[in-house]
There are 2 protein chains.
Amino acid sequence: MALKMRKNQSGDVPYNCPLSECMAILGGAWTTNLIWFLSGGPRRFSELKNDLEGISAKMLTTRLKELESKMVVDRKVLPTSPPSVEYSLTELGTELVPAINAIVEVGHKIKVRNGKL
Amino acid sequence: MALKMRKNQSGDVPYNCPLSECMAILGGAWTTNLIWFLSGGPRRFSELKNDLEGISAKMLTTRLKELESKMVVDRKVLPTSPPSVEYSLTELGTELVPAINAIVEVGHKIKVRNGKL
DNA sequence: CGGTATCCCCCAGGATACTG
DNA sequence: CAGTATCCTGGGGGATACCG
């Protein structure tokens, strides 16, 4: 199912372990998938919207902006008509890929092991 | 900040990529940290509550039950008085650790690189 | 100690409509 | 095509109180 992420009411940081920094990036719903698809190479807005089947334009924009502000994703506007925008992983974003791959790998193991969670 | 995870309204699976299985496990708020602390060895309820500073008993119970039902965590009641309960990672849970370590590692890189996200 | 029960807040994110 | 604006909702999860 889709996952949503929220801050808690206090707004404080509960992550008191080494996971904080990276989870702050990977935390948002769709985020890991977004990075996963971008890891295949630059991708345009509408392509990503297709990749992430079911995501709303609003959330895609939100996540992309968030990742852009965190220097994970690069946004490049191509001077075409109609305008097209290309998103790609920054160097930092690329560094997240191994972690995501590790997740994918375990996910696969789980799937193989017992077709169902 | 603390992260909350929610299902979407449709209840459908948006994860249309290899991340689904594992993220379904790691998705919950506190979950990665919980597994992280358990990776150090068996731990009791109150110890975990201390580890995960700020978590409510309710959520800790919820997450532990969820992970137990997903065969990630094992719950063992020790016949002591007062009663104590020991939680530990199952074999499956142990397989999640490398993925989490990968996340930790990237998080550390990020921290080193620019002390702030 | 190791939980469960209740109450309720809150915002991530979906749906829809519109723009340059 | 690539968004932005607005409205709304549901369930995650905090706070608190209580139990065996």
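Throughout, protein chains are lettered first and strands after them, A, B, ... in sequence-line order, and every chain is numbered starting at 1.
Closest contact between the side chain of A:M59 and the listed nucleotides C:dG13, D:dG3, C:dG3 involves C:dG13. If you check C:dC1, D:dC1, C:dG14 against the side chain of A:W30, the one that comes closest is C:dG14. Of the candidates D:dG3, D:dC1, D:dG14, the closest approach to any side-chain atom of B:S56 belongs to D:dG14. Taking every side-chain heavy atom of B:F45 into account, C:dG2 is the closest of D:dC1, C:dG13, C:dG2. Listed candidates were C:dG20, C:dG2, D:dG3. Nearest to the side chain of B:R44 is C:dG2. For A:A57, the listed nucleotide lying nearest its side chain is D:dG3; candidates were C:dG3, D:dG3, C:dG13.
The CD atom of B:E68 sits 13 Å away from the C1' atom of C:dG3 (whole-angstrom rounding). Regarding B:N50, its CG atom lies at a distance of 11 Å from the P atom of C:dG2, rounded to whole Å. Here C:dC1 presents its C1' atom at 14 Å from CD of B:E86, a figure rounded to the nearest Å. At whole-Å resolution of the value, CZ in B:R43 and P in C:dG3 are 15 Å apart. In this structure, B:L34 places its CG atom 17 Å from P of D:dG12, rounding to the nearest Å. The distance between atom CD of B:E47 and atom P of C:dC1, rounded to the nearest whole Å, is 11 Å. If you take NZ of A:K49 and P of D:dC1, they are 11 Å apart, rounded to a whole angstrom. In this structure, the CG atom of B:L52 is 11 Å from the P atom of D:dG14, given to the nearest Å.
A donor-acceptor pair shorter than 3.5 Å cannot be found between the side chains of B:R43 and B:Y87.
The pair A:K65-A:E68 fails the salt-bridge criterion, with no side-chain N (NZ, NE, NH1 or NH2) lying under 4.0 Å from an Asp/Glu carboxylate O. The residues A:E47 and A:R44 are annotated as not salt-bridged, no charged nitrogen and carboxylate oxygen being separated by less than 4.0 angstrom.
Within the structure, a side-chain polar atom (N or O) of A:K65 is placed less than 4.0 Å from OP1 or OP2 of D:dT4. Applying the 4.0 Å criterion to OP1 and OP2 of D:dC1, one finds that A:Y87 has every side-chain N and O outside that range. Between B:R75 and the phosphate of C:dG3, there is a side-chain N or O to OP1/OP2 separation shorter than 4.0 Å.
Defining each end axis of the helix from C:dC1-D:dG20 to C:dG20-D:dC1 as the rotation carrying four pairs' C1' atoms onto the next four, with five pairs an end, the two axes are found to diverge by 50° to 10 degrees.
Hydrophobic clustering of Ile, Leu, Val, Met, Phe, Trp and Tyr side chains at less than 4.5 Å, counting indirect connections, unites A:L67 with A:V77.
By the side-chain hydrogen bond (donor to acceptor under 3.5 Å, both in side chains) test, B:T80 is found to be paired with B:S84, residues two or more places apart in sequence or in another chain being considered.
Looking at A:L64 and A:L48, their side chains come closer than 4.5 Å, going by heavy atoms from C-beta outward.
Heavy-atom nearest nucleotides on DNA chain C were determined for B:K58 and for B:S46, and the one closer to the 5' end corresponds to B:S46. Along DNA chain D, the nucleotide nearest A:T61 and the nucleotide nearest B:R63 are compared for position; the residue whose nucleotide lies closer to the 5' end is A:T61.
For the atom pair B:L26 CG and B:T32 OG1, the distance stands at 7.0 Å (nearest 0.5 Å).
Counting non-hydrogen atoms of other residues, nucleotides and ligands closer than 6.0 Å to CD of B:E105 gives a total of 12 or fewer.
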